[in-house]
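The structure appears right after this line, and notes come after that.
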Amino acid sequence: LITPASQVFDEPAVSAVIPAWDGQLGVLPDRAPIVAKLGLGELRVTFANAGKTQTYLVDDGFAQMVNNKLTILAAKAIPTESITETEAQAELRAAEAKLGERPADMKRAAADVARARMKVRMAKGGR
């Protein structure tokens, strides 16, 4: 998993669930080659060492599976455990307020609201 800011991880995994732009995509070893555009959502990766699962909020980018290697290039990747419900709710309120002001860049404002809503959902444990 790579973002413009850093390489988030490079570890063997036994499975991944990727938020593609058109729905979730499951990836297991020996999967046929694929390239998918990422959407906004939860990336779940189960690592080979002890079956530990890690989740991230990812937004925008691409995933590629080729030769049994999954590479995910994301514009953003936030570990779920670093998202707090209080901060996510505050971000949502701020994003909704901007949307109510009818900003010049309505598409970006709507994306900010969607991202904040996803953070709230993930902070609540997906409920």
Side-chain angles (χ1 to χ4, degrees):
L1 175 59
I2 303 167
T3 68
S6 69
Q7 179 173 326
V8 180
F9 67 81
D10 183 9
E11 297 178 43
V14 294
S15 68
V17 178
I18 300 166
W21 71 275
D22 60 349
Q24 292 185 331
L25 173 67
V27 179
L28 295 171
D30 298 322
R31 191 201 189 297
I34 189 169
V35 173
K37 183 178 182 338
L38 295 179
L40 170 65
E42 181 181 47
L43 167 66
R44 271 189 322 255
V45 180
T46 302
F47 295 100
N49 57 352
K52 175 185 87 171
T53 298
Q54 181 70 43
T55 59
Y56 299 86
L57 171 66
V58 295
D59 189 9
D60 200 24
F62 292 90
Q64 175 191 43
M65 177 72 165
V66 67
N67 294 331
N68 231 15
K69 182 173 179 161
L70 176 63
T71 303
I72 301 168
L73 304 172
K76 295 180 182 178
I78 303 167
T80 302
E81 68 267 7
S82 72
I83 301 171
T84 68
E85 187 174 354
T86 303
E87 290 175 358
Q89 289 285 1
E91 186 177 326
L92 178 57
R93 283 191 299 276
E96 287 175 337
K98 284 182 185 176
L99 191 59
E101 296 168 2
R102 308 299 259 179
D105 190 350
M106 200 64 155
K107 185 176 179 180
R108 176 150 175 95
D112 290 345
V113 169
R115 186 176 313 99
R117 284 184 180 150
M118 180 62 70
K119 282 184 175 181
V120 170
R121 193 182 114 231
M122 290 177 71
K124 290 181 175 182
R127 293 175 264 131

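- Going from atom CZ of Arg108 over to atom NZ of Lys98 covers 8.5 Å, rounded to the nearest 0.5 Å.
- The nearest pair of heavy atoms linking Ala13 to Val45 is CB-CG1, 3.7 Å.
- Taking all atoms of both residues into account, the shortest heavy-atom contact from Leu1 to Ala77 is CD2-CB, 3.8 Å.
- Residues Leu92 and Arg117 form a side-chain contact, since some pair of their non-hydrogen atoms from C-beta on lies under 4.5 Å apart.
- Note on Asp59 versus Arg115: salt bridge recorded, some NZ/NE/NH1/NH2 to OD/OE distance being below 4.0 Å.
- Residue Ser15 forms a side-chain contact (heavy atoms from CB on, under 4.5 Å) with just one option from Leu70, Thr53, Thr46, and that option is Thr46.
- The side-chain heavy atoms of Leu57 and Leu40, taken from C-beta on, include a pair separated by under 4.5 Å.
- Note: Glu42 CD to Arg121 CZ = 6.5 Å, rounded to the nearest 0.5 Å.
- Phe9 and Met65 fall within a single hydrophobic cluster, where Ile, Leu, Val, Met, Phe, Trp and Tyr are joined by side-chain heavy atoms under 4.5 Å apart, directly or via other members.
- Val27 and Val58 fall within the same hydrophobic cluster, defined by Ile, Leu, Val, Met, Phe, Trp and Tyr side-chain heavy atoms under 4.5 Å apart, directly or through other members.
- Shortest non-hydrogen contact noted between Leu38 and Leu73 is CD1-O, 3.8 Å.
- Between Arg31 and Gly26, the closest heavy-atom pair is NE-O, 3.9 Å.
- When all heavy atoms are compared, the tightest approach of Val66 to Pro33 is CG2-CB, 4.4 Å.
- Rounded to the nearest 0.5 Å, atoms CD (Glu81) and CE (Met122) are 9.5 Å apart.
- Hydrophobic cluster membership differs between Phe47 and Ile2, with clusters built from Ile, Leu, Val, Met, Phe, Trp and Tyr side chains linked at under 4.5 angstrom.
- At a threshold of 4.5 Å between side-chain heavy atoms, the hydrophobic network of Ile, Leu, Val, Met, Phe, Trp and Tyr places Ile78 and Ile18 in two separate groups.
- Atom CG of residue Leu43 and atom CD of residue Gln54 lie 9.5 Å apart, to the nearest 0.5 angstrom.
- Rounded to the nearest 0.5 Å, atoms CD1 (Ile83) and NZ (Lys124) are 13.5 Å apart.
- Rounding to the nearest 0.5 Å gives a distance of 9.5 Å between NZ of Lys69 and CD of Gln64.
- By the 4.5 Å heavy-atom criterion applied to side chains, Asp30 and Asn68 are counted as neighbours.
- Glu11 and Asn49 get closest at one heavy-atom pair: OE1-ND2, 4.0 Å.
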